[in-house]
Amino acid sequence: MFQAALVKRDFTEEFLQSQALALSTSAIEELHIIDETVESAAFTLMEAIPLLIDWSEKFLKDHPTTTVSLHRSDPGQKLTLSISKLLDIEEHVWSPLFGLKGNVDVTAEVALSENDGQVKNRIVPLELKTGKNTTSVSHRAQSTLYALAMSDKYDTTVGSSELFYLKTGEMLHIPTFRDEARGLILRRNELAGASH
């Protein structure tokens, strides 16, 4: 529903409701398996509509105006962000350099403005999370690894990633710290070696 609205750049209540009904109806077999009705699934999806509309009003702009939460930031640090352009949905990224591959929920161009007020445009992975846990290490690790893979694919520095928590409407900005990225790659290599 979120991705369809992004592609169409249509976050009207009518469009989102039609998507909720269409998604629920198209998943009738899966819903039956888990003993869920189309109506209850549609209702659950429709509960998210106000958060999605609010998110679009805050972040789908050419220039950053909305402050986002920063992972590991100084208390005085402030960052505003906007999603200025959608580049891809469910983009398959593969990085021979880092030995990584995966599907990025949304590849977007964002406009970022830090304390100095200077606006920078960057390509970033935007991951959608259905839960509300903004402290999840695995979410941050996944986003960081996607940023590394995209850096290799696009031959540019992808210095951050974004997490959007659908249940809370919170956007979390994840800077890619070199030491964390190195640690993740080393851990990935250990796991890959153990499986052979």
Evaluate the criterion side-chain hydrogen bond (donor to acceptor under 3.5 Å, both in side chains) for residue pair Ser84 and Ser82; output intermediate values, then yes/no. CA-CA 6 Å; Ser84 51; Ser82 66; 5.3 Å; no
So how far is it from [X] [atom1] to [Y] [atom2], rounded to the nearest 0.5 Å?
X      : Y      : atom1 : atom2 : value
Met171 : Phe59  : CE    : CZ    : 5.0 Å
Lys58  : Thr67  : NZ    : OG1   : 10.0 Å
Leu126 : Ile123 : CG    : CD1   : 14.0 Å
Leu21  : Leu45  : CG    : CG    : 9.0 Å
His32  : Thr37  : NE2   : OG1   : 12.0 Å
Thr176 : Leu145 : OG1   : CG    : 9.5 Å

Are any of the side-chain heavy atoms of [X] and [Y] separated by less than 4.5 Å?
X      : Y      : answer
Leu172 : Val68  : no
Lys120 : Glu114 : yes
Leu128 : Gln3   : yes
His173 : Leu112 : yes
Leu81  : Glu162 : yes
Leu148 : Ser95  : no
Asp88  : Val106 : no

Set of side chain to side chain contact (heavy atoms under 4.5 Å, CB included) partners for [X], sequence neighbours left out:
X      : value
Ser113 : Pro64, Thr80, Val119
Glu127 : Val104, Asp105, Lys129, Gln142, Ser143, Tyr146, Leu163
Leu52  : Met1, Phe2, Phe11, Leu16, Phe164, Leu166

Does [atom1] belonging to [X] count more than 12 external heavy atoms closer than 6.0 Å?
X      : atom1 : result
Glu29  : CD    : no
Ile28  : CD1   : no
His92  : NE2   : yes
Tyr154 : OH    : yes

Tell me whether [Y] is reachable from [X] by hopping between hydrophobic residues (I, L, V, M, F, W, Y) whose side-chain heavy atoms are closer than 4.5 Å.
X     : Y      : value
Met46 : Ile53  : yes
Leu79 : Val110 : yes
Leu97 : Leu100 : yes
Ile49 : Val38  : no
Ile83 : Phe15  : no

When you check the side-chain N and O atoms of Gln17 and Glu13, is any donor under 3.5 Å from an acceptor?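 Gln17 vs Glu13: donor-acceptor pair found between side chains.
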Minimal non-hydrogen separation, [X] against [Y], with atom names:
X      : Y      : value
Glu30  : Ser26  : OE1-O, 4.2 Å
Lys61  : Glu57  : CE-O, 2.9 Å
Lys167 : Thr130 : CG-O, 3.0 Å
Ser160 : Pro125 : O-CD, 3.6 Å
Val158 : Val124 : CG1-CA, 4.1 Å

Partner of Leu86 by side chain to side chain contact (heavy atoms under 4.5 Å, CB included), out of Leu60, Val7, Thr107: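 Of the listed residues Leu60, Val7, Thr107, the side chain to side chain contact (heavy atoms under 4.5 Å, CB included) partner of Leu86 is Val7.
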